[in-house]
Every structure is written in C-alpha cells, then in structure tokens.
Amino acid sequence: MIPVCEPYLPGNELEYVIECIKSNWISSKGKYIEEFETKFANYCDCRYGISTTSGTTALHLAVASLGIGEGDEVIIPTFTMAATAFAIFYTGAKPVLVDSEPETWNINPEKIEEKITENTKAVMPVHIYGHPVDMDPILEIAEEHDLYIIEDAAEANGARYKNRITGSLGDCAAFSFYTNKMITTGEGGMMVTDNEDIAGRARALEDMAFSKERRFLHTDIGFNYRMTNIQAAIGLAQLERIDDFVEMRRKNARLYSSLLEEVNGIRLPIEKDYVKNVYWMYSILIEDSHTMVRDEFMKQLENKGIETRTFFIPMHEQPVFHKKKMFIGESYPVAENIAKQGLYLPSGTAIKKEEIEYVCNTIKDILEE
Ligand SMILES: *Cc1c(COP(=O)(O)O)cnc(C)c1O
C-alpha cells in the first residue's frame with residue numbers, strides 16, 4: 001500500500017532525543033523547548049513562539065489569548081478541519097461560517113463582510129491543503145471592523161503569500177506538528193505571534209496560568225498544553241530540514257501535475273501567482289462531468305494499493321453542530337461541491353518518483369477505461 005503520508009525523520013532527530021534521555025530532561029523544561037520555540041517563531045517571521053501539545057490546542061490557546069469567549073463570534077470557512085471550529089467552541093464563543101472560493105478552496109474574502117455582526121471579534125482564515133489564503137482583502141476588512149486575524153496555518157507551514165511567510169500574516173497563528181504535517185513532533189503544535197501582550201497571555205494560559213508573584217495563585221483558568229523536551233528535540237531536528245521538505249513537496253506536486261495534466265475529468269490543484277503553495281496534500285477533484293463518482297474512484301485506487309483521503313466534510317453539515325441547533329438549513333454551495341468531489345493522493349515528503357508514476361498511471365487506467 002502506498003500510504004497517503006508517512007513521517008520523514010532524516011536528520012538529527014535520534015541524536016537529539018538520545019540527548020534528552022541521557023541528560024534526564026524529558027519533561028516540559030529543557031534546552032530544546034526554548035531553542036525550538038525561538039527558531040520556529042523566527043522562521044515564521046515572529047518574535048514569540050509558544051509550543052503546545054497539538055495544533056488543536058495551539059488554536060484554542062490563540063483564541064483564548066485574545067480574550068475571546070462567551071457571546072463572541074469568530075468567522076471561519078465552513079470547509080476546514082473540525083479543530084478550527086472546536087477551538088472556538090472551547091472558549092464559549094461561536095464560529096460563523098463562510099463559503100469557499102472555487103479555485104483555491106480557501107475562505108472567500110468577498111463573503112466575509114456580510115457575516116460580521118456587533119459580536120464578531122476575529123476572522124480565522126485557514127490555508128487549505130497548503131495554498132495560502134488571499135489575505136490582503138481580509139486584512140482590510142479586519143482593519144475596518146477592528147477584528148483580530150488568527151491564521152490556522154496547520155497545513156501551510158513554509159508557504160508564502162506575496163512573499164510573506166504564513167504565521168506572520170495576522171495577529172497570531174497556530175501550527176500543527178502531527179505526523180503528516182510539514183514538520184512533525186509526533187503530536188504537537190505551536191502558536192506564534194509578533195505581539196508581546198498576546199504572547200504574554202498565551203505563555204501564562206498554556207502553563208496553568210500560575211501567577212507571576214506567587215506560584216499556585218491563579219487569576220485565570222489556565223491549561224496544561226505544555227510540549228515535552230523530547231517532542232521539541234524532534235521538532236528542532238525537523239526544522240533544520242524544513243526548506244528541503246518544502247522543496248520536496250513542491251517537486252512531488254510538479255511531477256503529479258505534469259503526469260496528470262492531460263487526464264480528462266479531474267481538476268488539479270493550482271498555485272495563484274501571489275502565493276508559494278507547499279502542496280501539503282496533493283488534492284484533486286473528480287469533475288462533475290465525469291461519470292465516475294469520487295468514492296468509487298477511491299475504492300478502485302485502494303484495490304490497486306493506493307491510499308487516498310476524501311476532502312473535509314463542511315462544518316455546516318456536521319451532526320455535532322446540528323445538535324447544538326447551529327448551521328441548520330445553511331447552505332454553502334462551493335464548499336458542498338468540493339467536499340463531494342475532492343480527494344487527496346499519497347503526498348508524503350519522501351514519496352518516491354516511481355510511486356507517483358504508479359499512482360498517475362493507475363489513475364489514467366481507471367478514468368480512461
Ligand atoms: C491538522 C490540522 C489542525 C489540528 O492539528 P492537530 O495537531 O491534529 O490537533 C487544525 N487545523 C487544520 C486546518 C489542520 O489541518
């Protein structure tokens with residue numbers, strides 16, 4: 001089976017992990033934490049990095065650090081991974097949904113303003129599958145309506161918008177280091193920001209909100225979202241290679257696109273001229289006009305030893321939110337379509353050229369039969 005993604009640990013990962021164990025620094029203090037946080041934040045053109053246990057907790061920390069909670073609303077794309085919406089719920093605030101833009105599958109900036117109310121506090125754009133969101137119109141809206149911007153950059157580590165790196169485009173951003181992300185710590189995440197006040201609040205909340213004056217005195221409800229030194233050791237070794245990883249994923253995507261270009265009935269991922277796409281997952285649509293439906297296509301690939309994944313199910317179609325009497329009857333046609341037609345192909349950083357060729361030949365055989 002060619003897996004949809006595998007971790008790739010080619011550098012100093014093992015050496016640094018051994019160092020943690022030899023030195024006995026295996027918990028959430030130690031030299032790798034500080035070094036990983038600083039270097040990762042700097043990679044994202046930010047001064048502050050606060051490491052966490054996952055991308056989901058990094059998102060929650062970001063929302064909480066901005067003081068968003070009960071009664072507040074945060075605008076997100078309906079087409080995203082559930083963590084984006086869950087992170088808002090954890091604070092007591094409510095997500096408000098916006099449809100996708102048909103070419104990039106990202107939040108449609110033109111549909112944001114109609115969703116702003118007096119309770120709106122932030123917009124959380126998500127750089128879907130590695131293609132950065134068109135941020136300038138969103139930054140303008142945020143300026144005009146006095147809203148925060150939180151980037152969900154979990155899928156776009158290393159990607160650029162108009163030559164600015166993801167993570168630096170709003171007030172703060174969240175990254176994930178789950179095994180299939182651009183760099184991994186097994187599980188883990190990081191919030192980054194260039195704002196000292198936001199960073200200070202995040203730093204406190206992430207570690208139980210102990211009071212600075214007196215430990216075990218609390219003026220806030222804090223979380224334990226602390227990353228371990230062992231995870232940071234892996235993360236640091238991965239970060240040393242991130243530029244290579246980005247180029248490898250881009251090269252894999254170029255190969256896929258050149259081999260699939262002529263195949264009828266599928267739509268390939270794009271790269272707008274204002275971005276550098278990292279192609280976190282090489283994602284395609286089975287177009288309406290083709291007689292084969294997406295799920296049948298995926299089954300046939302599986303029979304040939306090729307693992308794939310469907311696109312996300314939009315948030316407005318999730319039973320968990322309907323149970324909360326939310327999003328019922330709402331309709332977002334672009335997101336609904338791509339959710340039905342989309343899938344992603346094996347996309348691990350270290351996937352072999354022959355594997356991509358096999359996947360593409362198999363796709364041709366299936367669709368051109
Ligand atoms: C992976 C991902 C997350 C969550 O990250 P975890 O580390 O799995 O908690 C959040 N948002 C998006 C868009 C993601 O792809």
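Nothing fancy with the numbering, it's 1 onward along the sequence. Every number for a ligand or one of its atoms is a count from 1 in the order of the listing.
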Trainee: Applying side-chain hydrogen bond (donor to acceptor under 3.5 Å, both in side chains), can you list everything that pairs with K31, at least two apart in sequence or on another chain?
Mentor: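 For K31 there are no side-chain hydrogen bond (donor to acceptor under 3.5 Å, both in side chains) partners, ignoring immediate neighbours.
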
Trainee: Identify whether the distance between the nearest side-chain nitrogen and carboxylate oxygen of D136 and K162 falls below 4.0 Å.
Mentor: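 Salt bridge present between D136 and K162.
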
Trainee: So, E368 and K364, do they make that salt bridge, N to O below 4.0 Å?
Mentor: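 K364 and E368: not salt-bridged.
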
Trainee: Run through all N or O atoms in ligand 1 and write down each protein N or O closer than 3.5 Å, as a pair with its distance.
Mentor:
| residue | atom | partner | partner atom | Å |
| --- | --- | --- | --- | --- |
| ligand 1 | 5 (O) | S176 | OG | 3.3 |
| ligand 1 | 7 (O) | G55 | N | 2.8 |
| ligand 1 | 7 (O) | S176 | OG | 2.7 |
| ligand 1 | 9 (O) | G55 | N | 3.3 |
| ligand 1 | 9 (O) | T56 | N | 2.9 |
| ligand 1 | 9 (O) | T56 | OG1 | 2.5 |
| ligand 1 | 11 (N) | D152 | OD1 | 3.3 |
| ligand 1 | 11 (N) | D152 | OD2 | 2.8 |
| ligand 1 | 15 (O) | E155 | OE2 | 2.5 |
| ligand 1 | 15 (O) | K181 | NZ | 3.1 |

Trainee: Run the side-chain hydrogen bond (donor to acceptor under 3.5 Å, both in side chains) test against E287 and tell me which residues pass, sequence neighbours left out.
Mentor: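 E287: no side-chain hydrogen bond (donor to acceptor under 3.5 Å, both in side chains) contacts found.
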
Trainee: What donor-acceptor contacts under 3.5 angstrom involve side-chain atoms of residues 64-77, with partners at least two apart or in another chain?
Mentor:
| residue | atom | partner | partner atom | Å |
| --- | --- | --- | --- | --- |
| S65 | OG | L61 | O | 2.6 |
| D72 | OD1 | K121 | NZ | 3.1 |
| D72 | OD2 | G69 | N | 2.9 |
| E73 | OE1 | T117 | OG1 | 2.8 |

Trainee: So among T38, L239, V192, I183, which one has a side chain to side chain contact (heavy atoms under 4.5 Å, CB included) with Y43?
Mentor: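 Option passing the side chain to side chain contact (heavy atoms under 4.5 Å, CB included) with Y43: L239.
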
